[in-house]
Amino acid sequence: HVQLVESGGGSVQAGGSLRLSCVPSGYTYDRSVCMGWFRQAPGKEREGVATILAGGGSTAVADSVKGRFSISQDNAKNTVYLQMNSLKAEDTATYFCAARPGHVCSWDYNYWGQGTQVTVS
């Protein structure tokens, strides 16, 4: 049973930073797994933010956050991070961690966490 647990959300002033963490369980965390971060603001569609190939490091970041957000991983801890800098009010959303089998990461995912709220004021 695949589980994804996010943490690190909260409230921050514009210009501030937050780091989200995602700890997956229920499968082998290796190069055959893609991990992603998505967000959804009230009244808006879910948006892909960043992806990373677990264990491999290949990453992609959405244009909307490029230069401010970065995705990384700690293989020893099986943890994926989303570092968010220079936060803006429009970054306010629920952020979700996601996972899928694969060697080439896309924006289509099978497994989802419960989400963590990020509020920027």
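Just so it is clear, the model here is predicted, and its values are computed rather than measured.
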Donor-acceptor pairs under 3.5 Å, side chain of residues 9-23 to any protein atom, not counting sequence neighbours: which ones?
residue, atom, partner, partner atom, Å
Ser17, OG, Asn85, OD1, 2.9

Using a 3.5 Å cut-off and no angle test, enumerate the donor-acceptor pairs between side-chain atoms of residues 41-51 and protein atoms at least two apart in sequence or in another chain.
residue, atom, partner, partner atom, Å
Glu47, OE1, Arg39, NE, 2.8
Glu47, OE1, Arg39, NH2, 3.3
Glu47, OE2, Ser64, OG, 2.8

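With sequence neighbours excluded, the residues forming a side chain to side chain donor-acceptor pair (under 3.5 Å) with Lys66 are Asp63, listed by chain and number. Considering only residues two or more places apart in sequence or on other chains, Ser106 meets the side chain to side chain donor-acceptor pair (under 3.5 Å) condition with Arg100. Every side-chain contact (heavy atoms from CB on, under 4.5 Å) that Gln114 has, sequence neighbours left out, goes to Glu6.
With rounding to the nearest 0.5 angstrom, the SG atom of Cys97 is 8.0 Å from the CD1 atom of Ile71. Taken from CG in Asn78 to OG in Ser25, the straight-line distance is 9.5 Å, to the nearest 0.5 Å. Taking OH from Tyr95 and OG1 from Thr116, the interatomic distance works out to 10.5 Å, rounded to the nearest 0.5 Å. Distance check, rounded to the nearest 0.5 Å: SG of Cys34 to OH of Tyr111 gives 13.0 Å.
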Applying side chain to side chain donor-acceptor pair (under 3.5 Å) to Gln117 and Thr94, what does each step give before you reach the verdict?
CA-CA 4 Å; Gln117 180 66 36; Thr94 301; 2.9 Å; yes

Check the pair Gln83, Ser72 against side-chain contact (heavy atoms from CB on, under 4.5 Å), reporting the backbone distance first and the verdict last.
CA-CA 8 Å; Gln83 179 67 44; Ser72 62; over 6 Å; no

Test side-chain contact (heavy atoms from CB on, under 4.5 Å) applied to Met35 and Leu4, step by step
CA-CA 10 Å; Met35 301 293 297; Leu4 304 169; 4.0 Å; yes

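Here the shortest heavy-atom pairing between Gln73 and Leu53 reads NE2-O, 3.3 Å. Arg68 approaches Ser86 most closely through the heavy-atom pair NH1-O, 3.0 Å.
Side-chain heavy atoms closer than 4.5 Å link hydrophobic residues (I, L, V, M, F, W, Y) into clusters, and following such links, even through other members, never connects Val80 to Val5. Tyr81 and Ile52 are not part of a single hydrophobic cluster, where members link through side-chain heavy atoms under 4.5 Å apart.
Looking at Lys88 and Val120, their side chains never come closer than 4.5 Å, going by heavy atoms from C-beta outward.
The closest donor-acceptor contact from the side chain of Thr92 to the backbone of Glu90 lies at 3.5 Å or more, if one exists at all.
Trp107 forms part of a hydrophobic cluster together with Phe38, Phe96, Tyr109, Trp112, judged by ILVMFWY side-chain heavy-atom separations under 4.5 Å.
Counting non-hydrogen atoms of neighbouring residues, nucleotides and ligands closer than 6.0 angstrom, the CZ atom of Phe69 exceeds 12 such neighbours.
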